[in-house]
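Inspection log for the structure reproduced underneath, given as structure tokens.
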Amino acid sequence: MFVGHFAVAFAAKRAAPTVSLGTWFIACELVDLIWPLFLLLGIETVRIAPGLMAFTPLDFEHYPWTHSLLMCAVWALAVGALYWRRNRIAAAALGIVVLSHWFLDAIVHRPDLPLAPGSDMKIGFGLWNSVPATLALELALFAIGVGLYARGSQPADRIGRYGLWAIVVFLLLAYAGAAFGPPPPSVAAIAWAGLLGGAITATLAYWVDAHRKMRA
Ligand SMILES: [Zn+2]
């Protein structure tokens, strides 16, 4: 899942408007931002296997530290703890957004998401076997999320107005590249693209969100 995660981030901004959209972006993708680091360090592994599933050429061999249900809950608690003293509603919502990543991934992945490190019990409902079904679900979620954010806020200036659409276009282009582009050349390329893409989207979101006001 890719743009579906960002749908949750856009929508969650409404729950705790004082938290920047950039922070919501990091929360929704947190485990996918740690994953490239763990790939580069050799702690987790992925294999490039074109044809394995219709939507993705990636075989997620081993990623219990970022993508097991238990560890997603641990990452969620860690993020919640960071925010707890500042704002409890925001802390709880951020934790839920971090944890939502696992459940959204479970819809699309084949059964490769472990319940806990060391567990043989793996979950995944395999929507990625169908490109049209994947696109329909993720684009619908994304449209709802962006709509909630766009209607719940108003641009303070031109950066706030056009920047939002720049983020939307950037995410959709990255999504189209992943869906219809060639398989990545190497695992290192996956990792660096993930880190760079995450940094760009979060930076854009902090910048644009600072130029929009939430409606009362
Ligand atoms: Zn993921």
Side-chain angles (χ1 to χ4, degrees), residues 1-12 23-49 52-79 94-117 119 121-131 133-135 137-139 141-142 145 171-172 174-179 181 183-184 187-202 205:
M1 173 124 347
F2 180 61
V3 292
H5 293 305
F6 290 94
V8 174
F10 275 115
T23 304
W24 294 111
F25 272 22
I26 292 170
C28 80
E29 281 277 279
L30 183 66
V31 298
D32 276 2
L33 295 173
I34 300 168
W35 179 64
L37 296 174
F38 284 10
L39 288 179
L40 293 172
L41 292 169
I43 296 168
E44 298 193 329
T45 57
V46 68
R47 203 168 58 93
I48 300 161
L52 185 69
M53 294 187 88
F55 196 82
T56 179
L58 302 185
D59 177 6
F60 300 92
E61 286 179 319
H62 181 72
Y63 58 168
W65 305 109
T66 56
H67 279 75
S68 66
L69 177 57
L70 178 71
M71 284 306 299
C72 278
V74 170
W75 294 115
L77 284 171
V79 169
L94 281 164
I96 290 168
V97 169
V98 172
L99 187 59
S100 77
H101 187 101
W102 191 88
F103 290 92
L104 288 178
D105 271 3
I107 298 171
V108 296
H109 283 236
R110 65 200 194 104
D112 60 25
L113 292 157
L115 286 186
S119 158
M121 184 69 175
K122 292 186 175 176
I123 308 294
F125 298 102
L127 196 69
W128 273 342
N129 284 316
S130 165
V131 173
T134 302
L135 290 175
L137 174 72
E138 283 207 66
L139 293 176
L141 288 173
F142 190 63
L171 287 173
L172 289 176
Y175 187 53
V187 170
I190 298 169
W192 289 111
L195 291 172
L196 187 67
I200 291 172
T201 46

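We count ligands from 1, going down the list as the structure has it; atoms in each ligand are counted the same way. Sequential numbering from 1 along the given sequence is applied to the chain's residues.
- The Zn ion (ligand 1) is the vertex of the angle joining OD2 of Asp105 and NE2 of His67, which measures 90° to the nearest 10°.
- Pro184 places a side-chain heavy atom less than 4.5 Å from the side chain of Leu58.
- Interatomic distance, CH2 of Trp65 versus CD1 of Ile43, reported as 9.5 Å (0.5 Å rounding).
- Between atom SG of residue Cys28 and atom CD1 of residue Ile96 there is a gap of 14.5 Å, rounded to the nearest 0.5 Å.
- Backbone or side-chain N, O or S atoms of Asp32 reach the Zn ion (ligand 1) at under 2.8 Å.
- Contact check for Pro36 versus Ile190: no side-chain heavy atoms found under the 4.5 Å cut-off.
- Checking His5 against the Zn ion (ligand 1), every N/O/S atom stays at or beyond the 2.8 Å cut-off.
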